[in-house]
Amino acid sequence: MFNEAIFYFFAALAIVSAILVVTRRNAVQSAIFLVTALLATAGIFLNLNAEFLFIVQVILYAGGIMVLFVFVIMLVNLDVALHQVQFNRQWFVALIISAVLAAQVAAAIMVSRQSLYTMPAAPAEALEPNTERVAFYLFHTYMLPFEIASILLLVSMVGAVVMAKKRV
Amino acid sequence: MNVETTVLGADEIILNMGPQHPSTHGVLRVKLRLDGEKVVGSECVIGYLHRGVEKIAEHRSYQQFAPYVDRMDYVAAVSNGLGYCEAVEKLMQVEAPPRARVIRTILTELQRIASHLFWLGTHALDIGALTPLFYCLREREEILKIFEKYCGARLTTHAFRIGGLQYEAYDELEKDVERFCKDFDKRVDEYEALLTENRIWVGRTKGIGILTAKDAIAMGVTGPVLRASGVQWDLRKAIPYAAYDQYEFSIPTGKNGDTYDRYLVRLEEMRQSRKICLQAIENIPAGPILGKVGKVLKPPPGEVYHSIEAPKGELGYYIVSDGTTQPYRVRIRPPSLINLEALDQMIRGHLVADVVAVIGTLDIVLGEVDR
Amino acid sequence: MVPIGHYIFLSVALLAIGVVGIVTRRNVIIILMSIELILNAVNINLVAFSRLVGSVEGQIFAIFIITDAAAEAAVGLGIIIAFFRNRETVLADEMDILKW
Amino acid sequence: MNAIIPYILPVLFALVIVALLPLVAGYIVLVERKVMADMQVRLGPMRVGPHGLLQPIADAVKLLLKEDIIPESADKLVFWGAPLISVTAAMLALAALPIGPFFQIADLNIGLLYILGVSSLGIFGIVLGGWASNSHYSLMGALRSAAQLVSYETSAGMAVVGALLLAGTLSTRGIVEAQADTGWWFIFVAPVGFFIYLVASIAETNRAPFDMPEAESELVAGYMTEYSGFRWALYFLAEYTNMVVVASIATTLFLGGWMRPFANTRAFNFLDYLPPLLMLWVAGYCFRRTPKQPVPVQKMFMAAVGLLCIVVALVLIMPMAVPRDSFLASSKPGIHGAFWFLFKVGAYIYVFMWLRFTFPRYRFDQLMRLGWQFLVPLSIVNVMMIGVALALHRQLGWPNWVTFPLGILLTLIAGGYLLAMGEKHEQIRVGDDENAEVDAREETPVNV
């Protein structure tokens, strides 16, 4: 019972802060709510016994990428953009898209009839430490994607530095 | 502070290091033109401490003006007094007796050490080292005690009179100076240990505020700032006054005129001053302490320029007398003001943090800059 | 235990909100944030199913998605800074020329 | 209901720590001011309470009573929340610290990563605080300190990875036990890692000689300029909690957590008596000073402090005095462990203070250059060398006392090379300053 309560709490928190991210006028406040959304998803990962992913999400996403976002928002000195109109008049299109998505998901759940298939109860202590298993797979079976990811990061680092140089 | 554009903007920002600022050694306002973080240009606004000392001199008799002179460079009051008294004596072709000259030399050298100690403390504090300030103040306290015993005042001493001295040297003067000089060398080694090989101190001072010898001479810069650029010019050796010709001491000079060399030059000067004091107290000649100078001074009409080596640089007095008891005109050459002129050229291309270090290394005192 | 349908519903909800964000907002930084939201929604799905199936592959793929999100955020923000320095604006509508 | 039982003890520990933390932070400030005064040939706070012992309480009351000014055009919500983020991030990190074998809030199996992750959230508090105070100076200060934190976090993370390789587990308790089993503290096995972590942790807690942001002459107090009163105290508390967290990570990782020095060798068992003797000596000093206090109230307070020390000494002696097998004797590792852990944390913080009062301040670009061009590559090399040493030991079976010194030697060589490269770069940079000045000297009048 305690487990489900946590999940529903984090899920609600994630959705509410996601909505706030999209609707806030001030970019800094939407950045803050995005951080809360990320931490809520991290909570859900923890609830699913994926602790390594929880900590990677906190360090990389909330601690790394979001700091970058807040940095750029401040560097770009947004009060000039504040009084410009923030929302374009494409509400109508957005509504259609979300309606279509909702319909698709509903159909998928109806057809699969496994919607009530529940998660096997987590064995209290029996679950091996998550980090060791993730590490084992990461460095054995998925060695190649790991290297490609590192090259991707290298390329993006070089790209970001070139982009942000003074005299572009 | 008006910011023309955003932090990312390319054109310049005017940054005000206002008159009320923790590290401008007094009421100096520096208007810095910044391109991002680099200093592109600067302009010093002075005059906040201007008291019109030179105008006052025209309505005071020669003896009455002597205490005003201490208020100019309040950190080194004794050497101001020496400069003024010797200038007037030169005007009146009067010689101070040998005993007076030797005691004057001892007190001036002690004052030079005290001024350099105060400079080292505040300079290190600006760059971030909190501890040297308290070590330097501890030594300076000893010197101020000696001044207090001799003439009753610590800072603005008015120790000398025209023609010699007012007070006879109190009997343990030699013992006090001996005690101070005995372990002062160890103290300077303490400062050296704390700062000289300190990687961060070297990082913050080497190559900062470079002043080449040619520029230094062109700008008329004098004192430790000039000697650190490699020019061997010290008035105590070039035009000896008081009793400096009787003692031998060396003149420290630097090589490439950056903040680190000025720091080394001033440290070495403190050691040399200690040497002079030790030699001086060995034989203070007996005899009168005041030359044949009447109560009312009426110097013959004429003019004189006499300069001495103050801790900050060449402190000059140009006195024009019209035969009355009051000088017609007294012009004072302030070393701090002329050294300050070099600030703009020294901080170009450096970062804002270095401006603080360069102002510190010029060792300016705003009382002398503004007069 | 929580049925898998609820996880799917949560991730789709986040996906929908992200898409709405991209479509309706004019400020490029908010668009980038909405993309981050969508990537997060994908992660939730991956981890939920990896927990359902009992293996760890889902979480590994989620880690790769996070590294990709980091790379994308870095380059995206670099472009925004470069663009902002030249055109003083951050609005998507005014990014209408290819070479400046 | 029974699902809650395992949570009671950790919650209790958490309450104790969170309640004690402001007090501990206050007394760290007092100790810092006293040590600073001692190093500067003066006395430090002596007026409030005997020897200034009540100074932290006076500071706390002052901060609580001071008016809490909020700049009128500031972003109220963010201005209000920023210090909270900083404090919570700092306090959350305390959860996984092994104060003693029994005294640990939560033994997570990703303990150390959790601490690193949570303390990296502290950056938001600083950046948002600088942004919300809506002044150009505090914004620049906030950006600078955030940049400094981000860059030194990388090298601190790599230095920690170096030690983790040796311990093999992420859980803080496991790390200390690993050091207990091998009998060697990791500071002797990976000294370069410890040095890198020391430097990076100083920079991470924004303390001198890396306290650039608030020390800059025109940035005044960096992101904290506009804060006053209680909110400023929150930032202050966050900084000192961060210092405690960083010191405890170093103690857990490199200085053998709650273990007594020479824990395994029987010859050094007399060290067990050191803690009580130390406390008795402090108590003796307090009683000797009591009659000298001017005001009777201070006499009483000094005597009370002496009594407190005696009580602690008794608690420390108790497990050894009691017969071997009784229940009380089993609590010895717990009590002594806690003492040794706090002793090492205190020693580490003393080194922080010591460095603060002897070194001048780095300039911001030197600070970033040191971070990125010296510390990060060196910490990566350090991790590689420890990996090589471990591999040589495990695969090829070379004895330990050969592989690790070899690893350390190679790391030092790499460090020397990096230093030389740094110096050469310095010359080039200073060199091109000359010609920068020549062309920058066009006489453009200042038009303001």
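Here is the naming used below: chain letters follow the sequence lines, and residue numbers restart at 1 for every chain.
The cationic group of Arg42(D) lies under 6.0 Å from the six-membered ring centre of Phe134(B) and within 45° of the ring axis, placing it in a cation-pi geometry.
Within 6.0 Å of the OH atom in Tyr48(B), the count of heavy atoms belonging to other residues, nucleotides or ligands exceeds 12. Other residues, nucleotides and ligands contribute at most 12 non-hydrogen atoms within 6.0 Å of the CE atom of Met421(D). Heavy-atom contacts from other residues, nucleotides or ligands closer than 6.0 Å to CZ of Phe118(B) number 12 or fewer. For Lys66(D), the NZ atom sits in a loose shell: 12 or fewer heavy atoms of surrounding residues, nucleotides or ligands are nearer than 6.0 Å.
The greatest number of non-hydrogen atom pairs below 4.5 Å with chain D, out of Gly203(B), Ala129(B), Ala124(B), Pro132(B), is found for Ala129(B). Between chain D and the residues Leu194(B), Asn198(B), Leu133(B), Leu195(B), the largest count of heavy-atom pairs under 4.5 Å involves Asn198(B).
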Steps toward side chain to side chain contact (heavy atoms under 4.5 Å, CB included) verdict (Leu130(B), Gln40(D)): CA-CA 8 Å; Leu130(B) 310 174; Gln40(D) 292 172 347; 3.4 Å; yes
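Nearest heavy atom pair, residue Arg199(B) against residue Leu419(D), reads NH2-CD2, 4.0 Å. Closest approach of Ala353(B) and Arg363(D) over heavy atoms only: CB-CG, 3.4 Å.
The shortest side-chain heavy-atom distance between Thr131(B) and Arg356(D) does not fall under the 4.5 Å cut-off.
Interface residue Leu351(B): only side-chain heavy atoms are found under 4.5 Å from chain D.
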